[in-house]
Every structure is written in structure tokens, then in C-alpha cells.
Amino acid sequence: MLPIIFTDLSEVLIHGVFGIEERIEHYYGDSVAMKFAKRKDELRKPFRELMRGCMTEDQFWDLFLSRGNWPFGVQEIKKLFSANLAEEIPGTFETYSSITKYPASLKNSNKKRIDGRPEFWLISDHIKEREEELLSLHPEIFQFCSRHIWSYDEVAIKKDPAFFHRLVKKNNLDPGEILFIDDDIDNITAASEVGIHTLWFRNYLHMKYVLRRQGFGFTKPES
């Protein structure tokens with residue numbers, strides 16, 4: 001069995017709710033984008049409840065827009081969100097699909113480097129109502145990943161170590177044979193508490209550099 005790599009979806013493979021400010025700035029101006037960013041920070045707790053499936057997307061946006069005078073309504077902000085979800089982050093999918101060697105630190109490698117592609121599992125904090133849209137927008141990503149684990153199905157998000165405890169136990173996995181890649185340090189900390197190998201990166205441009213430093217190898221690009 002090859003090592004299993006847990007990977008995030010939003011802000012790793014595709015754009016998510018972060019970055020909508022750029023679209024808002026384009027259509028509605030800088031001051032509205034700044035107000036949106038501030039309001040988003042204020043509603044971190046409800047946003048996590050949305051990811052857990054404890055409130056609907058419309059309920060969240062109604063709450064979001066309940067304070068302040070906004071030049072758009074729920075349907076307009078949902079369309080901007082859809083435009084963000086449609087965009088893949090350049091380079092990440094190609095990086096994952098070109099991996100050919102794994103670091104010796106993974107328990108399953110028996111201190112030797114392994115050739116071949118690992119088994120990728122998509123572990124995503126996301127919105128229940130967006131599942132079908134995501135599957136239709138990015139079929140190549142979901143075909144590439146062996147499993148798709150959603151926060152709303154688990155009623156938990158990745159910042160909670162219990163999420164990873166249950167995931168490992170439910171699927172009879174050995175944490176020492178798993179690598180979790182994510183750009184959120186809180187998620188990384190939670191997975192580390194379960195004994196999962198973790199790899200944190202700042203942004204997608206930093207990802208391949210970090211993977212190489214950890215002992216990963218990649219196919220050479222075609223000339």
C-alpha cells in the first residue's frame with residue numbers, strides 16, 4: 001500500500017471564500033471590499049457552523065448582510081462565490097499528479113523511497129449546498145482523489161483534532177502512513193496531535209519547494 005496523502009480543496013486546489021474581496025473590489029470598489037473582509041473576520045464562528053452543516057448557505061449570507069449597507073444581495077454574493085469556486089489554483093493539481101517519489105520518513109516506505117503515485121484523499125471544510133457544483137466544475141480533481149471527506153458529513157472541521165481521530169479510526173488507518181498537506185496552521189496542528197505527518201505551506205508557489213525539501217520527487221517536465 002502506498003502512503004495516503006490528505007489534501008485540502010479550497011485555497012489549495014481551487015479558490016474558495018477567501019479572495020472574493022478581489023471580485024467585490026472589481027465590481028463595487030475598494031471600500032466595499034474592505035468592509036466585506038472586516039465583516040468576514042467578525043463572522044468566523046458562524047462560518048465554521050456553516051462548514052459543519054449546522055446552518056444553510058443562505059442563512060449565513062443573510063446574517064452576513066444583516067449589518068451594513070451593501071450594494072448587493074444574497075444571490076449576487078453567491079454568484080461571485082461561484083465564480084471563485086470555478087477557478088483552479090495554477091500548479092497545484094499538476095504538482096500532485098507528477099509526484100513519483102516519497103520521503104523515507106513515511107512509515108510505509110520501510111526507510112526506502114517508493115516509486116508510484118500515492119493515494120490522495122480530499123479532506124475539505126466546505127458548504128453542503130455546493131457539493132454538486134464542485135463535482136461538476138472540477139471532475140478531474142475528484143476523479144484523481146480516491147476519497148472525498150466533507151466537514152458537513154462529519155459535523156466537524158479540521159481545526160478540531162477529533163475530526164482526524166474519527167477519520168483515522170473509522171477508516172482503520174495508521175497515522176504514521178499518512179501525510180496531511182494544508183495551508184492552515186490550525187488544521188496542521190490538529191492533525192499533528194493525532195500523530196499524522198504534516199506539511200504546511202504559505203501559498204501554492206511555496207508548495208513544490210516544500211515538498212522537494214521533504215524528499216518528494218517529481219517527473220521531469222516535457223521539453
Side-chain angles (χ1 to χ4, degrees), residues 2-19 40-41 43-45 47-53 88-99 101-109 114 117-127 134 141 144-218:
L2 291 171
I4 293 174
I5 295 181
F6 289 172
T7 181
D8 188 17
L9 178 64
S10 298
E11 315 313 331
V12 175
L13 284 159
I14 67 171
H15 290 289
V17 70
F18 296 99
K40 186 176 66 179
D41 288 340
L43 294 180
R44 288 187 180 184
K45 186 174 180 180
F47 185 71
R48 292 177 182 179
E49 290 303 293
L50 172 64
M51 298 294 128
R52 292 185 178 100
E88 295 188 11
I89 294 175
T92 304
F93 181 77
E94 289 79 5
T95 295
Y96 283 164
S97 58
S98 67
I99 291 175
K101 290 186 178 180
Y102 312 96
S105 59
L106 286 177
K107 183 178 178 180
N108 217 353
S109 67
I114 306 173
R117 186 172 72 81
E119 185 175 350
F120 276 83
W121 289 26
L122 194 66
I123 313 294
S124 181
D125 291 344
H126 225 289
I127 302 169
L134 290 168
I141 290 176
F144 177 78
C145 295
S146 304
R147 293 284 304 277
H148 318 134
I149 311 294
W150 302 100
S151 55
Y152 46 81
D153 287 332
E154 302 299 320
V155 198
I157 59 175
K158 291 177 291 183
K159 297 183 189 303
D160 183 356
F163 175 94
F164 291 99
H165 276 293
R166 290 201 301 270
L167 181 57
V168 166
K169 185 175 181 179
K170 184 187 297 185
N171 294 280
N172 196 28
L173 300 174
D174 183 343
E177 297 173 354
I178 300 168
L179 176 68
F180 176 50
I181 303 175
D182 203 289
D183 64 333
D184 188 315
I185 195 63
D186 291 334
N187 297 345
I188 289 291
T189 300
S192 296
E193 290 185 20
V194 183
I196 294 172
H197 298 285
T198 57
L199 193 156
W200 173 80
F201 63 96
R202 289 190 297 269
N203 54 57
Y204 72 94
L205 294 174
H206 185 226
M207 175 187 285
K208 196 164 188 176
Y209 168 78
V210 173
L211 287 169
R212 285 194 184 279
R213 286 290 300 269
Q214 292 297 316
F216 283 80
F218 302 87

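All values below come from the heavy atoms of this structure, side chains included, with hydrogens, waters and symmetry mates left out.
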Could you check whether any side-chain heavy atom of [X] comes within less than 4.5 Å of a side-chain heavy atom of [Y], counting everything from C-beta outward?
| X | Y | value |
| --- | --- | --- |
| I5 | F216 | yes |
| F18 | K40 | yes |
| L13 | E88 | no |
| F6 | L173 | yes |
| W150 | L9 | yes |
| I178 | W121 | no |
| T7 | L122 | yes |
| V12 | F201 | yes |

Distance from [X] atom [atom1] to [Y] atom [atom2], nearest 0.5 Å?
| X | Y | atom1 | atom2 | value |
| --- | --- | --- | --- | --- |
| S192 | F164 | OG | CZ | 9.0 Å |
| D160 | N187 | CG | CG | 10.5 Å |
| Q214 | T198 | CD | OG1 | 9.0 Å |
| I4 | R147 | CD1 | CZ | 9.0 Å |
| R52 | L50 | CZ | CG | 11.0 Å |
| S151 | F163 | OG | CZ | 7.0 Å |

Decide yes or no on side-chain contact (heavy atoms from CB on, under 4.5 Å) for I127 and M51, but give the supporting numbers first.
CA-CA 5 Å; I127 302 169; M51 298 294 128; 3.5 Å; yes
Is the backbone N or O of I157 less than 3.5 Å from a side-chain atom of R48, with the two atoms forming a donor-acceptor pair by type?
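Not a single qualifying donor-acceptor pair exists.
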What pair of heavy atoms forms the shortest contact from I188 to L199, and how long is it?
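Heavy-atom minimum between the residues: CD1-O, 3.6 Å.
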Give me the atom names and distance for the closest heavy-atom approach of A190 to K158.
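For A190 and K158, the tightest heavy-atom pair comes out as CB-O, 3.2 Å.
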Show your reasoning for whether salt bridge (Lys or Arg N to Asp or Glu O under 4.0 Å) applies to D184 and K159.
CA-CA 9 Å; D184 188 315; K159 297 183 189 303; 2.7 Å; yes
So F120 and F144, would you call those rings parallel, tilted or perpendicular, with 30° and 60° as cut-offs?
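Ring orientation, 0 to 90° scale: tilted.
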Tell me whether the rings of H206 and W200 are parallel (<30°), tilted (30 to 60°) or perpendicular (>60°).
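Geometry flag for W200 against H206: perpendicular rings.
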side-chain contact (heavy atoms from CB on, under 4.5 Å) between V194 and L167, intermediate numbers included
CA-CA 10 Å; V194 183; L167 181 57; over 6 Å; no
